[in-house]
Amino acid sequence: QKEVEQNSGPLSVPEGAIASLNCTYSDRVSQSFFWYRQYSGKSPELIMSIYSNGDKEDGRFTAQLNKASQYVSLLIRDSQPSDSATYLCAVLNSGYALNFGKGTSLLVTP
Amino acid sequence: DGGITQSPKYLFRKEGQNVTLSCEQNLNHDAMYWYRQDPGQGLRLIYYSQIVNDFQKGDIAEGYSVSREKKESFPLTVTSAQKNPTAFYLCASSIRRLAGGQTQYFGPGTRLLVL
């Protein structure tokens, strides 16, 4: 069974702080990794995708990938209350389907 | 506006009834997917289709059926054989790439409830 593991949280951070969300995966041949944000009752929306080892930055978001450790993370700088949501890590294994973690709930407090 | 539409937003099913969830996209994407999400759970793949007139079972296909007669449309039927259908159903689409790496985009979802 190919697993994607996330801490369910909730992760609580004060406004303006850095939120760090982590994800581990079991399939060593995985090549593509995605972070989605899901507000309560809504569908997931893509935040970041990352394919190569290292960091990828987009605005306040940075995705980090370490294939040797099978670890992918998402950093959110200057966290805002509007960032409060569940963050889903998804991994593209062999084939075409995404394998999702159960998500980490983030709460940004004013 | 390009995007993915799902209808209805809410759907109620009676015992023994088949119901069909609609998914349409105008993004010119080749691949389409159906996921199911239960409270506190990640998304689980039901069916996916890479091209018209072809589709494959995902991890939890039992009790569901699909068709892909048009590139834009990928309807999902929840049959009476699905004994626990209450969930949030999400349709997604992506550009098909042989080497993978497709980014999937999601529709707004359909919430199915059993009466």
Side-chain angles (χ1 to χ4, degrees), chain A residues 1-10 21 23-52 56 58 61 63 65 67 72 85-106, chain B residues 3-7 9-10 21 23 25 27 29-51 54-61 68 74 87-111 113:
Chain A
Q1 182 74 13
K2 297 169 183 172
E3 301 287 343
V4 177
E5 299 288 342
Q6 295 182 256
N7 189 321
S8 63
L21 304 162
C23 173
T24 59
Y25 60 95
S26 63
D27 189 356
R28 289 189 171 274
V29 302
S30 300
Q31 294 295 320
S32 305
F33 307 86
F34 304 87
W35 283 100
Y36 288 85
R37 178 175 63 197
Q38 186 175 26
Y39 292 113
S40 180
K42 302 296 185 181
S43 64
E45 57 178 316
L46 182 72
I47 298 294
M48 296 280 288
S49 60
I50 186 166
Y51 308 112
S52 303
K56 178 182 178 182
D58 184 0
F61 299 96
L65 175 61
K67 290 186 178 180
V72 58
T86 296
Y87 289 79
L88 302 173
C89 173
V91 176
L92 187 68
N93 299 315
S94 58
Y96 303 95
L98 287 176
N99 192 11
F100 283 84
K102 294 183 180 180
T104 297
S105 176
L106 174 65
Chain B
I4 305 170
T5 58
Q6 291 186 244
S7 63
K9 186 175 181 179
Y10 295 97
L21 285 61
C23 179
Q25 56 95 4
L27 300 168
H29 285 172
D30 296 297
M32 298 186 74
Y33 313 81
W34 275 105
Y35 293 89
R36 167 180 173 147
Q37 187 176 35
D38 294 280
Q41 301 295 314
L43 280 66
R44 293 183 291 168
L45 182 67
I46 304 172
Y47 269 98
Y48 65 100
S49 169
Q50 294 293 305
I51 56 173
D54 188 48
F55 49 83
Q56 286 77 39
K57 293 182 179 179
D59 299 322
I60 55 166
R68 187 85 187 277
F74 191 40
F88 189 35
Y89 289 86
L90 291 157
C91 178
S93 70
S94 70
I95 297 171
R96 177 174 178 243
R97 291 201 183 104
L98 294 177
Q102 303 96 328
T103 298
Q104 294 185 19
Y105 299 93
F106 286 86
T110 292
R111 202 165 293 277
L113 301 168

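Note on naming: letters A, B, ... go to the chains in the order of the sequence lines (proteins, then strands), and numbering restarts at 1 for each one.
- In terms of heavy atoms, A/Lys42 sits closest to B/Phe88 at O-CE2, 3.5 Å.
- The backbone N or O of B/Gly109 lies less than 3.5 Å from no partner atom in the side chain of A/Ser43, so there is not a single donor-acceptor pair.
- For A/Lys67, the NZ atom is densely surrounded, since the number of other residues' heavy atoms within 6.0 Å is greater than 12.
- With a 4.5 Å cut-off on non-hydrogen atoms, B/Gln37 touches chain A through its side chain but not through its backbone.
- Interface residue B/Arg111: only side-chain heavy atoms are found under 4.5 Å from chain A.
- Residues forming a side chain to side chain donor-acceptor pair (under 3.5 Å) with B/Thr110 (at least two apart in sequence, or on another chain): none.
- A/Leu46 has its side chain within reach of B/Thr103: a pair of non-hydrogen atoms, C-beta onward, lies under 4.5 Å apart.
- B/Leu45 touches chain A through its side chain: at least one heavy atom from C-beta onward sits under 4.5 Å away, while N, CA, C and O do not.
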Under the side chain to side chain contact (heavy atoms under 4.5 Å, CB included) criterion, do B/Tyr33 and A/Leu98 qualify, and how do the steps go?
CA-CA 10 Å; B/Tyr33 313 81; A/Leu98 287 176; over 6 Å; no

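- Only the side chain of A/Gln38 comes within less than 4.5 Å of a heavy atom of chain B; its backbone N, CA, C and O stay farther away.
- For B/Lys57, the side chain to side chain contact (heavy atoms under 4.5 Å, CB included) partners are B/Tyr47, B/Ala61, not counting sequence neighbours.
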Run the side chain to side chain contact (heavy atoms under 4.5 Å, CB included) test on A/Tyr36 and B/Gln104 for me, step by step, so that the C-alpha distance in whole Å, both residues' side-chain angles and the decisive distance to 0.1 Å come before the verdict.
CA-CA 10 Å; A/Tyr36 288 85; B/Gln104 294 185 19; 3.7 Å; yes

